[in-house]
2 protein chains.
Amino acid sequence: MLNLTLKQLRYFEALARHGHFGRAAETCAISQPALSMQIREMEAVLGSELFERGARQVRLTGFGEDVLLRAREILREVDELADIARAARGSLSGRLRIGVIPTIAPYLLPAIIARLTEANEGLDIHLRETVTPKLIRELEEGRLDTAIVALPVSEPFLTEVDLFTEDFVLVRPGADAEKPVPQPEKLREMRLLLLEEGHCFRDQALSFCYAGQAAPRELLDGSSLSTLVQMVGAGIGVTLIPEMAVAVETRSAHVAIARFNGTQPSRRIGMVWRRTSPLSKQLMQVAEVVRAAGLAQRAGA
Amino acid sequence: MLNLTLKQLRYFEALARHGHFGRAAETCAISQPALSMQIREMEAVLGSELFERGARQVRLTGFGEDVLLRAREILREVDELADIARAARGSLSGRLRIGVIPTIAPYLLPAIIARLTEANEGLDIHLRETVTPKLIRELEEGRLDTAIVALPVSEPFLTEVDLFTEDFVLVRPGADAEKPVPQPEKLREMRLLLLEEGHCFRDQALSFCYAGQAAPRELLDGSSLSTLVQMVGAGIGVTLIPEMAVAVETRSAHVAIARFNGTQPSRRIGMVWRRTSPLSKQLMQVAEVVRAAGLAQRAGA
DNA sequence: GGTTCAACATAAGTTCATCTTATCGTTGCA
DNA sequence: TGCAACGATAAGATGAACTTATGTTGAACC
């Protein structure tokens with residue numbers, strides 16, 4: 001069994017550098033016999049002498065020189081490992097894998113990334129945009145550190161942090177701008193455009209329009225909110241979008257935005273991560289950044 | 001102060017591989033609490049958690065994965081260091097720096113190198129050919145491991161090993177082949193060709209011809225024995241050469257070889273190395289090889 | 001040629017890190 | 001609700017590594 005220690009490598013390097021047991025021991029902050037013993041032990045482990053002990057000088061053997069090169073390499077790598085750790089434990093740094101649902105990602109991510117990278121030097125953000133069930137799976141498998149989704153998720157292994165509530169607004173063709181805002185029930189009689197299956201926002205919109213009722217008959221599906229808004233602009237129907245999307249999606253399309261009367265349709269947005277994640281503390285910081293970004297985005301809407 | 005240990009890196013690697021404290025501890029041949037403690041200690045040193053301890057599984061954190069890559073690299077290098085040591089301590093191997101004086105090198109080295117490299121796989125021979133004082137200096141400075149020279153050297157820091165004695169023979173023009181062999185005193189009246197200053201063989205030849213007497217008047221110097229023999233062949237004078245050189249140097253030249261009557265002029269050839277050299281044991285082996293090569297070379301003369 | 005100094009090795013004792021056994025707390029499962 | 005698996009914790013035991021004190025050897029100096 002090989003039983004070299006890093007301590008021995010450090011002592012060895014010091015002795016090779018000084019060529020003198022006493023001075024090398026001093027720089028290692030140990031006594032001279034302690035250094036002698038460790039060098040001797042190291043030689044025993046390696047099976048060859050590393051130094052040639054003369055009366056006036058201590059010199060590396062040829063073998064010792066080979067070992068020295070290797071030892072310095074090893075010590076350098078170990079110190080780098082320590083550097084990695086130091087960089088990593090300082091607040092937010094290192095790799096951070098964030099999952100985001102598609103109905104949030106385009107509107108919130110630019111601000112989040114800007115704020116996070118600006119305030120945290122060595123932070124390396126990886127993003128994943130997909131629907132909630134996939135995000136949950138990837139969290140469980142340890143392939144994501146956190147996800148920004150609509151709450152509740154109700155997975156026992158996840159911690160949920162509530163960030164903010166966002167309302168849904170009605171998107172109508174521009175020509176309807178002056179018409180009265182319809183009641184939710186009226187929406188069933190209009191052609192309602194929705195996202196494809198799998199998006200939580202589809203379900204949220206449906207539950208608002210068809211609260212407690214059976215599923216609708218025929219619906220036209222779009223693959224993104226952007227597509228839906230364009231379709232509305234073309235007069236094909238109406239849709240709901242989260243208020244955060246308003247600023248971005250209504251810029252080019254000829255559509256009108258209307259808020260509902262009475263209780264607003266809405267959803268709670270939050271962040272989730274594994275309850276056991278050691279990043280909890282840092283993720284709490286991230287959550288604050290996301291909350292601030294979300295509120296700012298809504299204010300701009 | 002950084003206080004990582006290789007032991008911790010090994011434990012860490014095992015735990016990362018197994019994802020299970022109990023089994024990892026088993027492969028490390030320690031108890032489970034011991035492993036827990038070392039991992040905890042390592043996390044404390046690095047300042048971040050390496051593993052995410054779930055109820056059913058132990059998984060690396062992102063930081064832990066970074067550390068794992070580095071740790072595996074380090075462990076690999078340490079093991080390689082052990083390999084180097086194992087290869088090095090097997091009899092004769094690794095770098096061997098041999099110095100040889102010029103009046104021996106051409107005649108003995110081919111046989112020595114052949115024998116040494118044939119019998120010892122990983123032996124890497126470096127050669128240095130120069131005059132004795134320079135060899136001594138380089139030995140002292142640790143730039144050579146051993147030297148083959150004429151004894152005695154009488155340097156207190158060197159170990160001398162006697163290898164063999166070689167006689168000097170007279171080289172005369174081919175036309176003189178049948179003449180009686182002159183007494184040493186007669187040589188003073190003949191034109192004696194010698195090596196340049198600095199070669200010990202020059203001094204040895206002089207002390208034979210001018211035993212106890214003052215230095216000669218004018219001498220013609222050659223830079224090598226080969227040159228001297230060629231000069232003799234051209235009828236310029238006579239010279240002495242070590243018997244080992246006879247086979248090689250008289251092959252092409254038109255010269256006659258003669259042994260002196262009575263006590264032969266000679267010198268002792270030996271190997272020297274630093275008394276403190278850890279290679280002593282191996283160098284003794286080398287000395288035996290050199291001795292055998294020298295005897296074989298003389299026999300062939 | 002003895003003496004002294006410098007420097008590394010050795011010895012004995014102590015300290016402290018690390019290991020072991022035993023036990024607890026939590027979590028998931030029947 | 002009890003059980004089983006698993007990691008954390010606690011306390012005592014062991015052994016590696018350090019310290020101080022002393023020995024040994026070679027080099028330099030008078």
Side-chain angles (χ1 to χ4, degrees), chain A residues 1-12 14-45 49-61 64 140 155-159 274-278, chain B residues 1-12 14-45 49-61 64 140 154-159 274-278 280:
Chain A
M1 174 58 192
L2 175 67
N3 233 348
L4 271 186
T5 68
L6 284 179
K7 210 184 305 189
Q8 285 167 354
L9 291 187
R10 290 189 198 285
Y11 293 175
F12 166 69
L15 181 54
R17 191 146 36 83
H18 289 95
H20 187 286
F21 278 75
R23 280 187 281 281
E26 193 177 358
T27 67
C28 294
I30 57 171
S31 66
Q32 170 262 314
L35 187 123
S36 284
M37 285 189 293
Q38 287 303 314
I39 296 297
R40 164 185 290 267
E41 171 68 19
M42 190 171 161
E43 289 175 327
V45 169
E49 293 186 48
L50 294 164
F51 293 95
E52 196 177 314
R53 280 94 156 156
R56 278 266 162 251
Q57 57 195 340
V58 175
R59 188 189 299 122
L60 276 174
T61 62
E140 186 170 19
E155 285 285 352
F157 73 93
L158 291 179
T159 294
R274 286 183 302 279
R275 200 201 320 265
T276 53
S277 173
Chain B
M1 175 58 193
L2 176 68
N3 233 350
L4 271 187
T5 69
L6 284 179
K7 211 184 305 187
Q8 286 167 353
L9 291 187
R10 290 189 199 284
Y11 293 176
F12 166 70
L15 181 54
R17 191 147 36 82
H18 290 95
H20 187 286
F21 277 77
R23 280 187 280 281
E26 193 177 357
T27 66
C28 293
I30 57 172
S31 65
Q32 170 262 315
L35 187 118
S36 284
M37 286 188 294
Q38 287 303 314
I39 296 297
R40 163 186 290 270
E41 171 67 20
M42 190 171 161
E43 289 176 328
V45 169
E49 293 187 47
L50 293 164
F51 293 95
E52 195 177 314
R53 281 98 158 153
R56 276 271 162 247
Q57 56 194 342
V58 175
R59 188 191 297 124
L60 276 174
T61 61
E140 187 171 20
S154 302
E155 284 285 352
F157 72 93
L158 290 179
T159 295
R274 285 184 302 280
R275 195 193 309 277
T276 54
S277 173
S280 292

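Convention: sequence-line order gives letters A, B, ...; per-chain numbering from 1. The model shown is predicted, which means the values in this text are computed figures rather than measured ones.
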Taking N or O atoms only and anything under 3.5 Å, show me the protein contacts with nucleotides 24-30 of chain D, one pair per line.
none

*For D:dG7, take OP1 and OP2 only and decide whether either is under 4.0 Å from a side-chain N or O of B:S36.*
no
*Rounded to whole angstroms, how far apart are CG on B:N3 and P on D:dA17?*
13 Å
*asked:* I'd like to check the side-chain contact (heavy atoms from CB on, under 4.5 Å) partners of A:Q32; sequence neighbours left out, ordered by chain and number.
replied: A:F21, A:A25, A:S36
*Between B:E43 (CD) and D:dA8 (C1'), how many Å, whole number?*
13 Å
*asked:* B:F51: which residues meet the ring pair (Phe, Tyr, Trp, His ring centres under 6.0 Å) condition with it, sequence neighbours left out?
replied: B:F12
*Who are the salt bridge (charged side-chain N to carboxylate O under 4.0 Å, His left out) partners of B:R17, not counting sequence neighbours?*
B:E13
*Residues in side-chain hydrogen bond (donor to acceptor under 3.5 Å, both in side chains) with A:T159, at least two apart?*
none
*asked:* What residues from residues 14-25 of chain A pass a heavy-atom cutoff of under 4.0 Å to DNA chain D?
replied: none
*asked:* By the salt bridge (Lys or Arg N to Asp or Glu O under 4.0 Å) test, which pairs, at least two apart or in different chains, include something from residues 19-31 of chain B?
replied: none
*Sequence neighbours excluded, which residues qualify as salt bridge (charged side-chain N to carboxylate O under 4.0 Å, His left out) partners of A:E43?*
A:R53
*Separation of B:F51 atom CZ from D:dC6 atom P, in whole Å?*
16 Å
_Residue list, side-chain hydrogen bond (donor to acceptor under 3.5 Å, both in side chains) with B:R59, at least two apart or on another chain_ = none
Name the pairs: protein N/O against N/O of nucleotides 15-22 of chain C, kept only if under 3.5 Å.
unit_1 : atom_1 : unit_2 : atom_2 : d
C:dC19 : OP1    : B:Y11  : OH     : 2.9
C:dC19 : OP2    : B:Q38  : NE2    : 3.2
C:dT20 : OP2    : B:S31  : N      : 2.7
C:dT20 : OP2    : B:S31  : OG     : 2.8

*Quick one: closest heavy-atom pair of A:L4 and B:L6, and the distance?*
O-CD1, 3.6 Å
*Smallest separation among heavy atoms of B:L9 and B:M42, with atom names*: CD2-CE, 3.6 Å
_Measuring to OP1 and OP2 of D:dA8, would you say a side-chain N or O of B:R53 lies under 4.0 angstrom away?_
yes
*For B:E41, all residues meeting side-chain contact (heavy atoms from CB on, under 4.5 Å), sequence neighbours excluded*: B:Q8, B:V45
_Nearest non-hydrogen partners of B:R10 and B:C28, listed with the distance_ = O-SG, 4.5 Å
